[in-house]
Amino acid sequence: MRSTHSTPTAVPTSTYRLQLHPGFTLEDAADLLGHLDRLGVGAVYLSPVLTAAPGSGHGYDVVDPTRVSEALGGRAALETLSAKARELGMGMVADIVPNHMSVACPDANPWWWDVLRLGRDSPRARFFDIDLDTGPILIPVLADDGDGGRAALADLTLSGGCLAYHDKRYPIAPGTLDPGDTAEQVHRRQHYRLVSWRRGDRELTYRRFFDVSDLAAVRVEDPDVFDATHAEILSWADEGRIDGLRVDHVDGLTDPGGYLRALAARFPGWIVVEKILAPGEEIPQSWPVAGTTGYDAMRVLGGVLVDPSGEADLTTLALDQGVEADIGEVDILARRHAVEHLLAAEVHRIAALLPPRPPRGGGDPSEAALRRRREAVAELLCSFDVYRSYLPEAEAAWERAVAAAARHRPDLAADLDAIDHRVRTDPRGEAAVRIQQTSGMVAGMGTENTAFYRATRFAALNEVGGDPGDFAVTPEEFHDDAARRQAHRPHTMTALSTHDTKRSEDVRARMAALSETAEAFSEAVRRWTERCALPEPALNLLGWQTLVGAWPIGEERLADYLIKAAREARLGTSWTDPDPEFEDRVRAWPGRVLADRTLLGEVLSVVESVRGAGWSNSLAQKALQLLGPGVPDVYQGTELWDLSLVDPDNRRPVDHALRADHLSRLEEGWLPPVDDTGAAKLHLVRTCLLLRRELRPSGYLPLHAEGPARRHALAFARTSEESASPDLAVVTTRLPLGLADAGGWSGTTLPLPSGPGTWTDRLTGRALAPDTAGGPVLARLEEVLDRYPVAVLVRR
């Protein structure tokens, strides 16, 4: 049956993110559209659909941008999905990856294969960011037993007219294979060299994505490369198949602003960028985009539910356990590790571009000068308080980074001045560009991927785009942020869970409840640690918080998560140098805890003490997101409770049939209780998404409760397209455990905006009695919030 709501506009009312893979294809997405339409979703939001590396489970490792992935159903399936969405009046948003392509399997990527085969003579050579002047392209794939990979070359063979190394195949340049040649002899004649996998971090001839050598950067700033990589994507827009684009990793591009202007000139729809903003930072005004993918909103939406009074106890616990609580100190050490070890190749390449340069007649600068130059680059890269600057626009971030680097290393002041002069003189030059590109890599790898797994005082704050040093967001800060978003970027995306978040919104919501019982939780962790500790203090704190926050969780899931966390932290083990004994102890820990009935009983007692408050927080932040300023995204499956952890855990299959059963009952009038089924959350999500489609709210007005429990209420009002005065109000519960301890809502009211009509709670169907004196309605919170900890009020 055709939906009765309006056809999509350029800006969706909401999005629903689907993670596509060979087990959940475009055909499966099409089958789900009817359910999403009934849920109130404005647009289906797809993970990357272009041809990715064989077996890809996420699609960000594109190997052919000219074709829709056959593993996902191909072009025909995309067209069918689009047509069905159009019939339902839904939009479609696509995730695109302009920064890099996968080169893990060279024979799967026709462009990379051609470059390896022909070198600089390949018409695709300029498609990739390769330094072809330094010699053969280094491919870091060989096993390394401490010999630099030399022994591994013995495993190189000739097979089917190619060089083969185990399951990987590499091309042979024309005229370089003679009868009787060995594989090693042929290898030495190629435009590339297979080298030790360890060399990728020290020396590399192509730019990569972070430290992932299997992902080679694309020079999308070149108009011909832009056209080649975007032809298929833009054809979807020309044919009216998509309404929006999500641009992945915009900070990795040579010229993000220039790229986005080129994209907007060809694609007139809704564009959002994956961009991590520091608190208070705004994206450049010159970018023709609606906004970001919502990590900035996520920090505020979750932070306002954290109790600031819990900071002291959790800080003391961290220090007592030997965990650094100063995130700034942890962060700088983690960033320095990134530039000195993981990104040394990038640092060396930048340093080679900077003064002093070798004289024209030959010769090299002194080794001391080279070392100082590299150290100055490294210090500068570590000193940005944002992910990257965008020169020549917004110079302030660059200036702060240079000044901070000089404070940290006054002995490098002259070198930093020389770098500053070079970059300011030529802000679009290669040195300026590569420093800015790499600063984002340092922040991502140092801060998010390492420091956030070391500074584990309170893991609910250690989220993508988060600020663990800012323990809680005040209601005033929350309202200011929402009002600013409405005024400046009303169509930016907002999010609570994504494929990149380190833990789901519901795990963070339960963890937020721990901030209200910080003293008791800290004492419990001390007891538990004495009985069954993980082998490293930061991991130990993270382990107990995760066990409570994600319960119920199985032994294998928890062990897999802890191993990943330990390798990211790089304290007891790492991805590049794993410690088998340490990891065995980590893997054994979940089983030890689950087998200790007394210990597990204590853990479950703490879980039970915060479970209800976690549900309340989950519903509160969901209502704040779904009806607040911005375009809210619902990550797949999170319309019910979802206690997922970092990927790949958050890409597990979703039980859409269960959600469909609950939805059918809701459509029949069921008012579910707040319990472990999560149906109450589905009820809230459906109510809010349908309201967004109906009212298309705008404006933002903070509402302030009155009475003894006023600090526990967080509310705002908005205006619909049909009204000049606010006719939508959202009321949520904040710090629910403290509210219960204080005696509940008795005597607390919320003045609602005055005007004609009756306020009705769409969640319960109950109407609020109007004030007989004709003034504003005083909503009695003990009545409005007696069934659910949130209310969605509409005046008609």
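Since this is a predicted model, take the numbers as computed values, not measurements.
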Keeping the roles fixed (side chain from [X], backbone from [Y]), state whether a donor-acceptor pair exists under 3.5 Å.
{"X": "Arg198", "Y": "Val195", "value": "no"}
{"X": "Thr447", "Y": "Asp331", "value": "no"}
{"X": "Asp211", "Y": "Asp201", "value": "no"}
{"X": "Gln436", "Y": "Ala432", "value": "yes"}
{"X": "Arg124", "Y": "Pro110", "value": "no"}
{"X": "Asn109", "Y": "Ser102", "value": "yes"}
{"X": "Gln190", "Y": "Ala173", "value": "yes"}
{"X": "Thr456", "Y": "Ala459", "value": "no"}

(request) Begin from the C-alpha positions of Thr438 and Glu346 and carry the test side chain to side chain donor-acceptor pair (under 3.5 Å) through to its verdict. (result) CA-CA 7 Å; Thr438 310; Glu346 284 75 10; over 6 Å; no
(message) Before we go on, tell me: are the rings of His100 and Tyr206 under 6.0 Å apart, centre to centre?
(response)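 Distance test on ring centres: not under 6.0 Å, no.
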(message) Could you check whether His249 and Tyr387 have their ring centres less than 6.0 Å apart?
(response)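 No, ring centres 6.0 Å or more apart.
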In the structure I gave you, are the side-chain heavy atoms of [X] and [Y] within less than 4.5 Å of one another anywhere?
{"X": "Leu380", "Y": "Val402", "answer": "yes"}
{"X": "Ile563", "Y": "Thr573", "answer": "no"}
{"X": "His230", "Y": "Phe267", "answer": "no"}
{"X": "Arg219", "Y": "Arg126", "answer": "yes"}
{"X": "Leu277", "Y": "Tyr295", "answer": "no"}
{"X": "Glu399", "Y": "Arg424", "answer": "yes"}

(message) How long is the straight-line distance from NE2 of His58 back to CZ of Arg651, given to the nearest 0.5 Å?
(response)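 Spacing of CZ (Arg651) from NE2 (His58) equals 5.5 Å.
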(message) Tell me whether the rings of Trp111 and Phe127 are parallel (<30°), tilted (30 to 60°) or perpendicular (>60°).
(response)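 Answer is perpendicular, since the angle exceeds 60°.
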(request) Could you check whether the rings of His337 and His341 sit parallel, tilted or perpendicular, using 30° and 60° as the cut-offs? (result)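 Aromatic pair His337/His341 classed tilted.
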(message) For the residue pair Thr205 / Tyr192, report whether a side-chain donor-acceptor contact shorter than 3.5 Å exists.
(response)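 On atom types as modelled, these side chains do not qualify, holding no pair under 3.5 Å.
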(message) Within the 3.5 Å criterion, strictly below it, is a donor on Arg570 or Thr450 matched to an acceptor on the partner's side chain?
(response)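 A pair is found: one side chain offers a donor N or O, the other an acceptor, under 3.5 Å apart.
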(message) What verdict does the side-chain contact (heavy atoms from CB on, under 4.5 Å) test give for Val442 and Phe384, after you've listed the backbone C-alpha separation in whole Å, the side-chain angles of each residue and the deciding distance to 0.1 Å?
(response) CA-CA 9 Å; Val442 173; Phe384 283 83; over 6 Å; no
(message) Going by ring-ring contact (aromatic ring centres under 6.0 Å, His included), name the residues that satisfy it together with His499, two or more places apart in sequence or in a different chain.
(response)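 In terms of ring-ring contact (aromatic ring centres under 6.0 Å, His included), with neighbours along the sequence ignored, His499 is linked to Tyr60.
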(request) Kindly write out the residues that satisfy ring-ring contact (aromatic ring centres under 6.0 Å, His included) with Trp287, not counting sequence neighbours, or none if the list is empty. (result)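 Applying ring-ring contact (aromatic ring centres under 6.0 Å, His included) to Trp287 gives Tyr390.
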(request) Look at Glu281 together with Arg484 and state whether they make a salt bridge at an N to O cut-off of under 4.0 Å. (result)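 A salt bridge is absent here (no side-chain N lies under 4.0 Å from a carboxylate O).
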(request) Report, as yes or no, whether the 6.0 Å neighbourhood of atom NE2 on His421 holds more than 12 heavy atoms from other residues, nucleotides or ligands. (result)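 12 or below, so no.
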